[in-house]
Amino acid sequence: GENVEQHPSTLSVQEGDSAVIKCTYSDSASNYFPWYKQELGKGPQLIIDIRSNVGEKKDQRIAVTLNKTAKHFSLHITETQPEDSAVYFCAASIEGGSQGNLIFGKGTKLSVKP
Amino acid sequence: DSGVTQTPKHLITATGQRVTLRCSPRSGDLSVYWYQQSLDQGLQFLIHYYNGEERAKGNILERFSAQQFPDLHSELNLSSLELGDSALYFCASSVSVTGELFFGEGSRLTVL
């Protein structure tokens with residue numbers, strides 16, 4: 001089955017700096033790669049996703065890149081703000097397959113220091 | 001607010017007991033997923049229902065079971081509880097069998 005590895009497990013940056021979180025996946029059939037943000041006491045919330053037919057997607061300060069050959073994808077947050085502090089999860093799934101459930105990485109705790 | 005409602009928010013019980021967690025998906029969503037979140041295992045997929053039918057199973061113990069009712073709400077039943085079952089249990093819903101998942105705020109289970 002699919003396995004998703006996520007690094008680093010913790011990341012501390014200064015406000016205004018960039019943050020990068022990387023994930024690798026094992027199943028080459030995976031074609032949907034979302035990123036979720038989880039704030040304390042809340043459920044994960046989708047912040048951006050990418051499908052295998054594109055290599056990069058941006059949404060304001062957030063971008064995701066995908067390298068299907070290498071089976072890895074990354075989340076980039078620019079101009080970080082204290083409110084970006086949270087746990088971030090990457091995930092992978094096979095859209096259109098018999099099992100659409102997301103397999104999550106272990107998470108990255110991002111701390112943005114003012 | 002994701003639109004997914006989970007009850008109860010907190011639950012404390014003893015080993016050997018049985019509990020039921022309830023989830024109401026977003027209006028119009030046919031898929032319900034259950035995930036377990038613990039410090040050491042992260043977010044683990046348990047089970048997926050689509051329009052009342054079981055669609056996929058993940059790392060769900062035999063002591064656990066779930067169902068989705070005709071009104072599309074779902075229940076996760078946990079029996080013969082052990083200390084290691086203490087965790088956050090999340091329900092998520094989506095319109096179809098794939099795509100964006102909307103998570104509830106979770107039910108925190110503590111087994112003493």
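Atoms considered below: every heavy atom in the structure, side chains included; atoms not considered: hydrogens, waters and symmetry mates. Per chain, numbering begins at 1; letters A, B, ... match sequence-line order. Since the model is a prediction, treat every value here as computed from it, not as a measurement.
Only the side chain of B/Tyr35 has a heavy atom closer than 4.5 Å to any heavy atom of chain A. Only the side chain of A/Gln38 has a heavy atom closer than 4.5 Å to any heavy atom of chain B. For B/Gln37, the part sitting under 4.5 Å from any heavy atom of chain A is the side chain, from C-beta outward, and nothing else.
Distance check: B/Glu82 CD to B/Thr15 OG1 gives 9.0 Å after rounding to the nearest 0.5 Å.
At least one donor-acceptor pair under 3.5 Å links the side chain of B/Ser74 to the backbone N or O of B/Gln67.
Inspection of the A/Ser26 and A/Glu2 side chains reveals an N or O donor paired with an N or O acceptor under 3.5 Å. No hydrogens or angles considered: nothing links the side chains of A/Ser18 and A/His76 as a donor-acceptor pair under 3.5 Å. Between the side chains of A/Asn3 and A/Glu5, at least one donor-acceptor pair of N or O atoms lies under 3.5 Å.
Of the residues considered (B/Arg108, B/Gln44, B/Glu100), B/Glu100 shows the highest number of contacts with chain A, using heavy-atom pairs under 4.5 Å. Options A/Gly43, A/Pro44, A/Gly41, A/Pro34 differ in how many heavy-atom pairs under 4.5 Å they form with chain B, and the most are formed by A/Pro44.
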